[in-house]
Each structure stands twice: as C-alpha cells, then as structure tokens.
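For reference, the structure is listed below as structure tokens.
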Amino acid sequence: MSDVGTTHEDLERFLAAHHLVGAGLKREGQAPPRKGNAAAHWSWEGIYKGLMQSGKIVTVGPNGTTGMRSVTGIEARNFPIWMNAQILMPGERTQAHRNLRNETRLVCEAPPGAVFVCQYESFPMERGDVVTNPAWTFHDHWNQGTEPAIWIDGYDNGYNRGVNINERLPKDAPYQEIKKPAGYGPRTRGHARPLSGEPAFPLPPMRYPWAETHAALTALREAGEGDPYEGIQLMLASPVDGGPTLPTIAWQVQLLYARQKTLAHRHNSTTFYFAFEGEGAIVIEGERLEWHRGDIFAVPAWKWHHHENTNDGDSILFSIDDWPAMKKLGFYMKEEQL
Ligand SMILES: [Fe+2]
Ligand SMILES: [Fe+2]
C-alpha cells in the first residue's frame with residue numbers, strides 16, 4: 001500500500017493507487033478506468049488519507065489552487081449521478097458559486113462552527129446530516145471550527161452537456177452574506193409554512209438532521225418493519241411537495257438488521273452508496289463487493305443485486321438514486337426476485 005508522502009506527486013500516486021483523483025492535482029498519467037463491479041468501489045482508507053493530505057498541501061478558497069478540494073473515484077464521473085468526498089480545514093471558506101446542477105452533501109465528521117452556506121442561509125454540519133443545494137442556489141462552505149470538516153457530495157450531471165452555466169461571486173467579495181435568521185429553513189418548511197408557498201425556481205435548500213433521520217429509522221425498527229429488498233429504507237422528502245429529495249436525485253437511507261440478507265432486484269436507475277455504519281456486502285450480478293464503514297460504491301443500471309449485512313449489529317447505508325427524473329419522464333423500470 002503506497003503512502004501519501006509529502007509532495008503533490010506523492011499524493012497523486014497514492015490517489016491513483018486507490019483509483020481516485022484529487023481536485024487541484026494533475027489528472028494525467030492515471031491508471032485507466034477499471035472494469036466490472038470493481039470500477040464502482042472506493043475505500044475509505046484511500047478517500048480519508050487522500051483528503052487529509054490534500055488538506056495539508058492543496059489550497060482552497062478565492063486565492064487557492066482549486067475552488068473545491070475533493071477526492072473522486074476515477075470511474076465515478078462516468079455515471080449519470082455520482083459521489084465524491086471533500087474536506088475543509090479549520091478557518092477555510094470556499095468561494096460562493098451557483099450552477100445548473102443539483103448538489104447535495106452528507107456530513108461524515110465536522111466540528112462545531114462548520115457550516116454550509118446556501119442562498120444566504122447557514123446550515124450547521126453534524127455527522128449524518130444531509131444538506132441540499134438545488135440548481136441555481138448560491139453555496140459556499142465555511143469551517144469556523146478547530147478540526148477538519150469532511151463530507152460526501154452527491155451530484156447529478158445536469159442537462160447541459162458541454163455547457164457549463166456557472167456564476168461565481170467575485171474574488172474581492174467571494175462569500176455570501178448570511179441574511180436569513182438561524183434555523184430559517186427548518187422553521188418555515190415544516191408543517192406550518194407560508195401560505196404563499198415556495199418559489200418554483202430555484203428550489204429551496206434543505207437540511208435533514210441526522211437526529212430526525214435516526215429517530216425515524218429507530219421507530220420503524222421498534223415496530224419491526226422492513227422490506228425484503230431494502231431492509232428499513234427511508235427517503236428524505238422534498239420540503240416543497242413531499243416527493244423525492246430533488247427532481248433528479250433521491251437521498252435514501254437504509255438499515256439492514258444484523259446478518260440480514262435481502263432478496264435481489266434490478267432497476268435502470270443508478271445508485272451510489274455511502275457506508276455510514278457497520279459493514280456488509282453487495283452482490284452485483286454474482287460478483288461480491290465487500291464494503292466497510294466510509295466506503296463509496298455504486299450499482300450501475302439494470303444489474304441484479306442484493307445486500308448482505310455481515311455484521312452482528314445493524315448496518316446503515318446512505319444512498320443517492322436517479323429514479324425521480326426517470327419515473328417522471330416515463331422510463332423507469334424495476335424487476336424483483338420473487
Ligand atoms: Fe458547487
Ligand atoms: Fe437497488
């Protein structure tokens with residue numbers, strides 16, 4: 001196993017050995033994309049060590065070498081939706097921008113004081129929180145804490161292939177002013193909400209705190225509920241209409257009981273998973289992919305797959321899936337093992 005070393009070249013080599021690339025680093029000379037199920041699995045060890053070293057030697061922010069400091073699977077961007085991982089070191093703040101893609105984030109670890117700023121509103125970061133930045137909402141990230149903040153991004157690719165509609169705040173005024181009071185979103189997007197509704201565009205940003213997600217999982221677990229294909233699965237609902245999280249991406253979280261083995265299914269949507277707790281395996285078209293806490297892996301469209309929790313305790317997987325747009329457009333399909 002290669003080490004992260006000290007130089008940019010060392011880090012590039014380390015990331016390439018883990019089938020990863022880093023923003024602000026050279027991308028040439030990397031290994032060709034892998035094939036088969038191995039092409040969609042990236043280990044936490046590679047992601048975490050790569051991020052921590054990037055945090056030391058790649059600068060970020062309005063005067064940095066890169067807009068965002070990320071680590072991405074070499075093969076990940078070949079999918080219609082994808083995940084990467086980002087780190088923001090203490091004191092750092094990124095330059096705000098907005099574009100025509102939906103960007104979403106799942107917090108892995110963050111100190112008090114680290115926030116996502118979206119549409120002039122500040123959202124705290126706690127492990128397991130999901131925060132959305134819908135298309136054309138301004139966003140920047142600000143770590144006012146004393147430890148690194150690490151999160152997983154979930155993206156769609158938008159619908160403007162080859163055209164990048166992207167507006168950045170200027171370098172001499174690179175940050176959003178926080179105009180909204182603390183907790184504005186959660187306080188106005190619950191069951192008591194403005195009668196006028198939300199504007200149709202852009203969609204509002206939203207934070208889904210882990211405390212609420214965990215409470216829902218726990219209640220379903222206590223009730224003994226579950227699905228033979230997914231275990232206990234939740235969707236993080238849109239604050240606008242209660243449907244999927246965003247028109248292009250559904251955020252989901254599922255709990256697999258100790259040693260649970262699900263039935264197989266296949267669908268023509270793509271799923272990217274983040275292993276939040278525990279460990280397990282997913283068997284995709286007969287090929288077994290063992291995952292551990294922190295790993296990212298993906299199931300490509302139309303491949304038979306089932307889950308196995310190899311743990312003696314519960315395992316929890318977060319995922320993004322592009323079924324929402326596919327269903328709306330009328331070409332989503334699913335088949336289930338009976
Ligand atoms: Fe962005
Ligand atoms: Fe599935």
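Both ligands and their constituent atoms are indexed starting at 1 by order of listing. Owing to the predicted nature of the structure, the values given are computational and were not obtained by experimental measurement.
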Practice task
Validate the cation-pi geometry between R101 and Y155: distance from NZ or CZ to the six-membered ring centre under 6.0 Å, angle to the ring axis within 45°.
Solution key: yes
What is the ring orientation for [X] with [Y], classed by angle as parallel under 30°, tilted 30 to 60°, or perpendicular over 60°?
X	Y	value
H267	H265	perpendicular
F14	H18	tilted
F276	F318	perpendicular

Problem - N/O donor-acceptor pair under 3.5 Å between H97 side chain and Q95 backbone - result: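 Between the backbone of Q95 and the side chain of H97 there is no qualifying donor-acceptor contact (under 3.5 Å).
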Practice task
With 2.8 Å as the limit, jot down which protein N, O or S atoms are around the Fe ion (ligand 2).
Solution key: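 Sorted hits: H265 NE2, H267 NE2, H305 NE2.
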Practice task
Is it possible for you to say whether M52 and V107 belong to one hydrophobic cluster, with membership spreading through side-chain heavy-atom contacts below 4.5 Å?
Solution key: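 Not linked; separate clusters.
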Exercise for the section: Report yes or no: do I47 and F79 belong to one cluster of Ile/Leu/Val/Met/Phe/Trp/Tyr joined by side chain heavy-atom distances under 4.5 Å? Expected result: yes
Problem - 2.8 Å cut-off (strict), protein N, O or S atoms about the Fe ion (ligand 1) - result: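 Considering protein N, O and S only, the Fe ion (ligand 1) has 4 within range.
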Exercise for the section: Please assess R189 against E198 for the test salt bridge (charged side-chain N to carboxylate O under 4.0 Å, His left out), listing each intermediate value before the final yes or no. Expected result: CA-CA 9 Å; R189 292 181 195 119; E198 296 278 357; 2.8 Å; yes
Exercise for the section: Flag the pair Y273 / W291 as yes when their ring centroid distance falls below 6.0 Å, and as no otherwise. Expected result: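 Distance test on ring centres: not under 6.0 Å, no.
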